[in-house]
Amino acid sequence: MCYSSGMADKTPERNAADLIADKQREASVSEFFAKNKHVLGFGSPGQAVIMAVKEGVDNSLDACEEAGILPDVKVRLSEESGDMIVSILDNGPGIVKENITNVFCKLLFGSKFDSWTASRGAQGLGISAAGMYGYITTNKPMTVYSKVKGREGVGFAFHIDTKTNSAKIVKEMICDDKLFPSGSGTFVSIPMEGTYQRGKRGVDGYIEATAFSNPHASLYFINPKREIMKIDRVTNVIPPKPKKMKPYPTGIDYQKFIETVKTHKNDSIRLILSNNFSNITMPVINFLLDGNQKLASVKGSELLENETILKQIFFKMSFLCVGRLTHHTNVESVLRKLPKSKLTVKEFLIANYEGIPIEKAEVLLGNNANVKISMVKQEEIKKLHTALTNKFFPISAPSRESLAPIGTNVIKARLKQKGAECVIVNTLEGLVVKGSPMMIEIGIGFEGKIDIDGASPVMRFANRVPLLHAAKACAITDAITSIDWSSCGLQHKVGEMPVGSMIFVIHISSLWLPFTDQAKVAISHDPSIVKYLKKGLMECKRGIENYMIDKNREKERAMKLAMLGAYSKELKISISAILGKDVKGFDAALMQLCEAEK
C-alpha cells in the first residue's frame with residue numbers, strides 16, 4: 001500500500017481538549033486566596049478589619065514572648081480618603097531587614113511550621129493575607145518600620161504580587177528611632193476597605209478578650225473617633241514558652257514516618273522509634289515489633305528495601321491508646337452496667353473505654369455500632385471486651401510542656417473581676433486528640449454582680465486567641481447547649497444557650513486544633529473534643545450545684561437566726577421566770593447552739 005508524502009506530516013485537528021489545555025495554568029497560593037478572601041476571614045469590610053487587627057496583635061504577642069519581652073501593643077484605626085488604616089505598633093525584638101518583605105508579603109512564610117508546639121498561628125498566612133486584602137481593595141501599599149536593638153531601623157512601602165507570591169517594593173524609607181522608645185519593635189500600617197465595628201464581636205471585644213487571656217500584655221487601642229481604650233498588664237510574669245516535643249506516634253502520617261526512617265537510616269529501628277517519637281518505651285517497642293528482638297536491631301536502611309515491615313509497624317502505631325484501656329477493673333463490672341444503659345454500643349464504648357481511637361475500635365463493632373447495648377448478648381460483649389483489651393496497647397500521655405495554658409488562677413481572677421460571686425474552674429489534662437496533646441481549661445462565673453440580659457455569654461479561646469465569631473458552628477457551644485443547666489437556676493432548653501447570671505470561659509490548647517476554616521474562628525465538631533468538653537463542664541456544673549446547696553443551707557440558717565433573734569428577748573424573760581433568776585450569757589449560749597447546728 002502506498003502513502004502520499006504529505007500524510008505523515010499532517011497536523012492533528014484541534015479539538016475541545018486542546019482548547020481546554022490552552023487555558024490551563026498553575027495558580028500561586030496568593031492568587032488563589034486573592035479570589036477567595038472569605039476563606040481567610042476577609043469576607044466583609046467589618047470582618048476584614050477585625051482579622052487584620054487580630055493577625056497583627058497575634059504576631060506582636062508571639063514575637064515579644066519569644067524574645068522574653070513584656071508586650072506593649074498599640075492598635076489604631078483611622079479613616080483616610082474613604083479607606084480604613086489599620087496600624088499596629090509593638091515593642092518586640094524587631095525583624096531583620098532581609099526578612100521584612102517575606103514576613104508581610106509572602107504567604108506560607110513563617111517560623112512555626114512543624115514546630116510541634118501550641119502556638120497562636122502556624123501557617124504563615126495571617127498578616128500577609130491582611131496586606132494582600134488591603135492592596136486588592138485600595139491599590140495602596142502597606143508600610144512597615146522595624147528596628148532590631150543595636151541596629152539602624154528600616155522602613156518599606158510594598159505590596160504583594162499575587163502571581164509570584166512575593167513583595168513589590170514601592171520605596172525604602174528612613175526609620176525614626178523615636179518610633180521605638182524601647183530600642184526595638186515593629187510598626188505596620190495597612191490601608192484597606194473596611195468598617196469599624198463596636199461591641200463584643202468587634203475590635204473592642206477582641207482587645208478586651210485578648211487582655212483577658214494575656215494578663216502580661218499592655219494593650220492600647222484608638223478607634224476612628226479617637227476614643228481610647230487602655231488595658232494595663234496585671235502581671236509582670238511572661239508565660240513559659242511551650243517546649244517543642246517529638247512527634248507523638250499516633251499523630252503522624254505514613255509519609256512522616258518514612259521520612260524519619262530515611263533520615264536516620266543508619267540507626268536500628270529500635271533507636272529510630274525511641275529517639276524520634278515521644279513516649280516510646282521498650283514495652284511499646286515490643287508491641288510494635290511483635291516482640292521480635294532480631295527485628296529491633298535491623299537498620300532502617302535495610303527495612304527501607306522492604307516497606308512491608310515498615311507498614312506493619314506503622315499500622316500497629318494506630319492501636320496505641322493513652323492510659324488505661326478502661327475505667328473498669330474487669331469485664332464483669334462492665335456487664336453490670338448494661339441492663340440500665342440506654343446507649344448504643346458505640347456510645348457505650350466512647351463513655352467507658354478511655355483512650356481507644358474510636359475510628360479503629362469501630363472496625364471491631366461491625367453492624368452492632370448503632371444497636372442499643374442493652375440488647376446485645378453478654379457473650380458478644382465479653383468478646384468485644386477481650387478484643388479491645390488484646391488489640392490495643394497503652395502508652396503514656398504526651399507532656400503538657402508543649403501547650404500554652406491561660407491558667408485557672410488567671411481565669412478565676414478575671415471572672416471575679418467581672419463580679420461573679422461563685423467561680424468554678426476546671427482543667428482537663430493528659431488528653432490526646434488525633435495524636436496531639438490537648439488541655440481544656442474551663443471557668444464558670446455565677447451570680448453576684450453579673451448582669452446578663454439574655455443568653456449567658458461564652459468567652460471562647462484557642463491557644464490563648466479569642467474566638468469571636470461563628471459561635472453556633474463551634475464545638476464549644478455545642479458542648480454547652482447539650483447539657484441541662486436548669487438545675488443551676490437558669491432558664492434553659494437543651495440545644496439552646498442557657499439564660500441567666502452565668503459566664504462561661506473555655507480555652508483549648510493543643511498542637512492540633514480542627515478549625516472550621518482558615519479564618520480560625522470556631523472549633524469543628526470533633527466527637528473526642530466534644531466528649532472532653534462535656535466531661536469538664538459537667539464537673540463544673542456539679543460544683544455550682546454544691547455551691548447552691550451550701551448557699552440555700554446558709555440562707556435557711558440565717559432565717560432561723562433571724563427568727564430566734566426576734567423571740568430571744570421574750571425567751572430569755574420566760575426562762576428567767578421559770579428559773580427564778582436572771583440568765584447570764586443567754587445570747588452567747590444561743591449563738592453557740594446555732595453554730596453547733598450549722
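Atom set for the values below is all heavy atoms of this structure, side chains included, hydrogens, waters and symmetry mates excluded.
Within the cation-pi definition used here (under 6.0 Å to the ring centroid, within 45° of the axis), K74 qualifies as a partner of Y220.
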D204/Y196 under side-chain hydrogen bond (donor to acceptor under 3.5 Å, both in side chains): CA gap, chis, key distance, verdict = CA-CA 10 Å; D204 305 68; Y196 165 57; 2.6 Å; yes
request  = Check the pair K200, E208 against salt bridge (Lys or Arg N to Asp or Glu O under 4.0 Å), reporting the backbone distance first and the verdict last.
outcome  = CA-CA 8 Å; K200 297 298 181 183; E208 288 179 359; 3.1 Å; yes
query = Could you walk me through whether R464 and E65 pass the salt bridge (Lys or Arg N to Asp or Glu O under 4.0 Å) check?
reply = CA-CA 13 Å; R464 291 190 286 159; E65 290 170 9; 3.1 Å; yes
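Distance alone, capped at 3.5 Å, places no donor-acceptor pair between the S278 side chain and the M245 backbone. Side-chain N or O atoms of T137 include one that pairs as donor or acceptor with a backbone N or O of E193 at under 3.5 Å. Between the side chain of S184 and the backbone N or O of G92 there is at least one donor-acceptor pair closer than 3.5 Å. Side chain of N214 to backbone of H216: no donor-acceptor contact under 3.5 angstrom is found. The main-chain N or O of E421 is found under 3.5 Å from a side-chain atom of K416 such that the two form a donor-acceptor pair. Proximity of a side-chain donor or acceptor of T101 to a complementary backbone N or O of A167 within less than 3.5 Å is not detected. Using a distance-only test at 3.5 Å, with no hydrogens or angles considered, no donor-acceptor pair links the side chain of N99 to the main chain of N102. In this structure, T477 contributes its side chain and A473 its backbone to no donor-acceptor pair below 3.5 Å. In this structure a side-chain-to-backbone donor-acceptor pair under 3.5 Å is present from S44 to Q47. Remark: the backbone N or O of D90 is not paired with any side-chain donor or acceptor of D72 at under 3.5 angstrom.
For the 3.5 Å distance criterion, the side chains of S509 and N463 qualify, holding a donor opposite an acceptor.
The minimum heavy-atom distance between G407 and E441, with the atom names listed, is N-OE2, 2.8 Å. The two atoms that bring G500 and S456 nearest to each other are O-OG, 3.2 Å, heavy atoms only.
Between E539 and K534, no side-chain nitrogen of the basic residue sits less than 4.0 Å from a carboxylate oxygen of the acidic one, so the salt-bridge criterion is not met. Salt bridge absent: K140 and E80 never bring a charged side-chain N and a carboxylate O closer than 4.0 Å. Here K225 does not pair with E79 in a salt bridge; the nearest charged N to carboxylate O distance is not below 4.0 Å.
Heavy atoms of other residues, nucleotides or ligands lying less than 6.0 angstrom from CD of Q417 number more than 12. Counting non-hydrogen atoms of other residues, nucleotides and ligands closer than 6.0 Å to CD of E429 gives a total above 12. Dense packing is recorded around CZ of R233, with more than 12 heavy atoms of other residues, nucleotides or ligands lying under 6.0 Å away. No more than 12 heavy atoms of other residues, nucleotides or ligands shown are found within 6.0 angstrom of CZ on R151. Crowding of E227 atom CD: a count of heavy atoms from other residues, nucleotides or ligands under 6.0 Å exceeding 12.
For F504 and W485, the gap between ring centers is short of 6.0 Å. If you look at F156 and F104, their ring centroids are not closer than 6.0 Å.
Within the 4.5 Å cutoff, the side chain of L533 has heavy atoms near those of the I506 side chain.
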